[in-house]
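Only one structure is covered here, and it is reproduced in the block below.
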2 protein chains.
Amino acid sequence: MPDPAGERQNLGLLCFYPHRALEARLLAALVAAGFDDITTAQGRIAARIAPGGTRLTALAEQALVTKQTAGHLVDQLERAGYVRRVPDPTDARARLVQMAERGEAVVAVARRVEAEVEAEWTAHLGEEAAAQLRAALERLREVTDPYR
Amino acid sequence: MPDPAGERQNLGLLCFYPHRALEARLLAALVAAGFDDITTAQGRIAARIAPGGTRLTALAEQALVTKQTAGHLVDQLERAGYVRRVPDPTDARARLVQMAERGEAVVAVARRVEAEVEAEWTAHLGEEAAAQLRAALERLREVTDPYR
DNA sequence: ACCATCTCGTCAGAGGATCTGACCATCGTC
DNA sequence: GACGATGGTCAGATCCTCTGACGAGATGGT
């Protein structure tokens, strides 16, 4: 990962700063809202739960962790009441991880903070540059996200 | 951190994909080059060592970890021969973490991979869009990197 | 139906990464 | 010189992540 404090930083590293900043803002806001028992790792898993529920294996794939790790994190989220596991009606081996009520409350807070942060960034960059940034990142995702 | 598999992803999450892709590419290339005893956490610290050496506290600040964590990672890097610690001539309390020969070799590989990846991304986006992306990310860094 | 094979998820165990708290040596300043 | 601030370490705990092994259910060919 080496990259000096030099002038021209690589694009990957430049991408890191906004991501880290958002994650820190989110975590702080969640703690402030009383959800102080959540970790970033749990959040990264929870963030990938689709409306109807998502299989553990799918969560693991998208988050780029092993299914053991994902299972461990879902255990914690379940114990804390953020998610629940229900049988998958289409496959008796599988179970769907769904948001519980408490989980939905967290998502609501997260959505608000995300919108806030994005508004700040847009204000800093200007509408047009922000839109271009989004477009470029979305196109970049085509070649950098194996699970798009 | 929650963010659904929904349509319009937030900018922070969009930033994550390129960063993760680059880090994975780097790690794979380093392993392929025989540097198979390095971890991403070590890399994130090593990446911030300036040419003349950097203090532990500075490394910790920039990587956003505690100085204990940074010290632990530098211990490993030192044991593996990637870096060395030398006394700071300007302050008897402090020591400078410097790249050792083996560390320089890693940096060389990393530089090459970074350039490769950036060339691929530029090819995908087009010269102009890539330049705009870089410019936007650099401006965004002004408000997202506390240690710029 | 049946069997080989794959997929979904779990259990067990180990190694890393990261934090908090306590502590010492040195620096800078009044 | 005395005192608060800074650089770094030690100790201990917690969380995250992985590898390996495994059982239960699905799938496809015969």
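Chain letters run A, B, ... following the sequence lines, proteins first, then strands; residues in each count from 1. Because the structure is predicted, anything quoted here is derived from the model rather than measured.
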Between [X] and [Y] (side chain of the first, backbone of the second, donor and acceptor by atom type, cut-off under 3.5 Å), is there such a pair?
X	Y	value
B:R112	B:A108	no
B:H124	A:L140	no
A:T54	A:A50	yes
A:Q98	A:G52	yes

Length of the line joining [X]:[atom1] and [N]:[atom2], which is rounded to integer Å:
X	N	atom1	atom2	answer
A:D37	D:dC15	CG	P	11 Å
B:Q62	D:dG7	CD	P	13 Å
B:L27	D:dT17	CG	P	15 Å
A:L56	D:dA24	CG	P	19 Å
A:I45	D:dT17	CD1	C1'	11 Å
A:R93	D:dG25	CZ	P	10 Å
B:E61	D:dG8	CD	P	11 Å
B:K67	D:dT9	NZ	P	10 Å

Notebook entry, point to check: Do B:E142 and A:Y17 meet the criterion of a side-chain donor-acceptor pair at a distance under 3.5 Å?
Noted result: no
Next item on the list: Establish, from distance only, whether the side-chain atoms of B:R141 and A:Q9 form a donor-acceptor pair under 3.5 Å.
Entry: yes
Checklist line | Leading and trailing nucleotides of DNA chain C with any atom under 4.0 Å from heavy atoms of chain B | finding: C:dA17 to C:dC27
Checklist line | Contact check, side chains of B:F16 and A:F16, non-hydrogen atoms, under 4.5 Å | finding: no
Next item on the list: List in numerical order all residues of residues 72-91 of chain A for which some heavy atom is under 4.0 Å away from an atom belonging to DNA chain D.
Entry: A:H72, A:L73, A:Q76, A:D91
Note to self: Using a 4.0 Å heavy-atom cut-off, does A:T57 contact any base of the nucleic acid, only the sugar-phosphate backbone, or nothing at all?
What the structure shows: sugar-phosphate
Checklist line | Short side-chain N/O contact to D:dC16 OP1/OP2 from A:T39, under 4.0 Å | finding: yes
Note to self: Would you say A:T66 places a side-chain N or O within less than 4.0 Å of OP1 or OP2 belonging to D:dC18?
What the structure shows: yes
Checklist line | Nearest listed nucleotide, side chain of B:A94, among D:dG8, D:dC16, D:dC10 | finding: D:dG8
Checklist line | Straight-line distance of A:L73 CG to A:I45 CD1, nearest 0.5 Å | finding: 5.5 Å
Margin query: Using a strict threshold of under 4.0 Å (side-chain N to carboxylate O), is an ion pair present between A:R102 and A:D37?
Written below: yes
Notebook entry, point to check: Does A:T69 or B:Q68 map to a spot on DNA chain D nearer the 5' end, using the closest nucleotide for each?
Noted result: B:Q68
